Amino acid sequence: MTSVGPSAASTQPALPSGPAVFKTIPYAFILPEILCGTWVWILVAATSVSLPLLQGWVMYVSLTSCLISLLLLLSYLLGFHRNSENWKVLDSLYHGTTAILYMSAAVLQANATINSEFGINAPLNYQLNSAASFFAFLTTFLYILHAFSIYYQ
């Protein structure tokens with residue numbers, strides 16, 4: 001019969017705080033998620049938006065995700081989690097949900113890229129939309145990696 005006591009609880013890996021966040025997988029993915037997501041909304045904002053409803057969703061998802069991920073990164077850096085296991089659940093749920101939302105935004109951005117191929121200022125808008133689509137799918141992949149890395153940790 002095994003007992004669950006302080007020795008069993010101490011075998012759980014500690015959540016990183018401070019600069020250790022940047023050296024620990026999956027928490028090291030947060031900064032690239034923020035940077036790639038920032039590129040998505042900068043590139044979409046640089047285009048002449050031909051489909052405001054579609055690209056509005058892309059902007060909403062990318063900007064909201066960047067801000068929430070930045071708050072999450074700051075909370076890890078400042079140690080707000082106090083090594084609580086609930087933070088792992090919160091982090092996994094957030095990144096899983098955001099991965100799904102980002103996938104929808106990436107698909108809509110790819111659709112906007114296809115539609116911008118023959119529009120006004122076609123070469124420039126097409127290139128900007130293509131880059132935004134690339135970063136949207138890359139960001140989606142980072143969020144998926146983060147969510148599954150926490151799950152399998």
Side-chain angles (χ1 to χ4, degrees), residues 2 4-47 49 51-116 126-153:
T2 60
V4 177
S7 62
S10 64
T11 61
Q12 294 289 332
L15 293 172
S17 293
V21 171
F22 300 114
K23 299 175 186 173
T24 309
I25 299 292
Y27 308 100
F29 292 134
I30 295 177
L31 191 58
E33 290 163 3
I34 294 169
L35 294 175
C36 290
T38 303
W39 273 111
V40 171
W41 61 267
I42 287 172
L43 290 166
V44 171
T47 66
V49 176
L51 302 164
L53 188 60
L54 299 182
Q55 289 182 299
W57 176 250
V58 175
M59 290 290 286
Y60 173 76
V61 169
S62 61
L63 188 57
T64 305
S65 300
C66 281
L67 293 176
I68 294 173
S69 292
L70 184 62
L71 289 174
L72 192 61
L73 177 64
L74 287 174
S75 67
Y76 280 124
L77 287 173
L78 298 175
F80 288 150
H81 55 76
R82 299 180 191 218
N83 210 21
S84 171
E85 288 297 314
N86 294 335
W87 277 82
K88 282 187 178 182
V89 174
L90 172 78
D91 194 285
S92 181
L93 287 174
Y94 165 69
H95 281 89
T97 304
T98 305
I100 293 168
L101 294 175
Y102 239 110
M103 180 58 80
S104 70
V107 168
L108 292 176
Q109 180 57 38
N111 184 21
T113 301
I114 293 167
N115 289 332
S116 70
Y126 181 73
Q127 291 168 355
L128 290 171
N129 281 322
S130 295
S133 294
F134 170 77
F135 281 108
F137 281 107
L138 180 62
T139 307
T140 302
F141 180 68
L142 288 170
Y143 277 106
I144 290 170
L145 274 178
H146 190 128
F148 279 110
S149 296
I150 287 179
Y151 181 73
Y152 287 113
Q153 190 178 28

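Given the structure is predicted, the values throughout are model-derived calculations rather than measurements.
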Show me, pair by pair, the donor-acceptor contacts under 3.5 angstrom made by side chains of residues 35-47, not counting sequence neighbours?
residue: T38; atom: OG1; partner: I34; partner atom: O; Å: 2.6
residue: T47; atom: OG1; partner: V44; partner atom: O; Å: 2.8

Inset, instruction - Any chance you could measure L142, atom CG, to I30, atom CD1, to the nearest 0.5 Å? - result: 11.5 Å

Inset, instruction - Working to the nearest 0.5 Å, report the span between CD of Q109 and CG of N129. - result: 5.0 Å

Inset, instruction - Supply the atom-to-atom distance L63 CG to I68 CD1, rounded to the nearest 0.5 angstrom. - result: 10.0 Å

Inset, instruction - Compare every heavy atom of I144 with every heavy atom of A99, then report the nearest pair and how far apart it is. - result: CB-CG1, 3.6 Å

Legend entry - Verdict with supporting geometry, L108 and Q55, side-chain contact (heavy atoms from CB on, under 4.5 Å): CA-CA 7 Å; L108 292 176; Q55 289 182 299; over 6 Å; no

Inset, instruction - For A136 and Y102, work out which heavy atoms get closest and say how close. - result: O-CD2, 3.8 Å

Inset, instruction - Can you see which heavy atom on S92 is nearest to which on A147, and at what distance? - result: OG-O, 3.8 Å

Inset, instruction - Starting at NZ of K88, measure out to CG of L90 and round the result to the nearest 0.5 Å. - result: 13.0 Å

Legend entry - Rounded distance (nearest 0.5 Å) linking atom CZ of F29 with atom CG of L145: 5.0 Å

Inset, instruction - Take L138 and F135, measure what side-chain contact (heavy atoms from CB on, under 4.5 Å) needs, and give me the verdict at the end. - result: CA-CA 5 Å; L138 180 62; F135 281 108; 4.2 Å; yes

Inset, instruction - Could you tell me whether the side chain of L72 reaches within less than 4.5 Å of the side chain of H95, counting heavy atoms only? - result: yes

Inset, instruction - Just jot down the side-chain hydrogen bond (donor to acceptor under 3.5 Å, both in side chains) partners of T113, sequence neighbours excluded, or say none. - result: S133

Legend entry - Nearest-0.5 Å distance, CZ of residue F141 to CD of residue E33: 11.5 Å

Legend entry - Heavy-atom side-chain contact between D91 and H146 under 4.5 Å: yes

Inset, instruction - Write out all pairs satisfying side-chain hydrogen bond (donor to acceptor under 3.5 Å, both in side chains) with one or both partners inside residues 61-75, taking only residues at least two apart or from two chains. - result: S69-Y94, S69-Y143

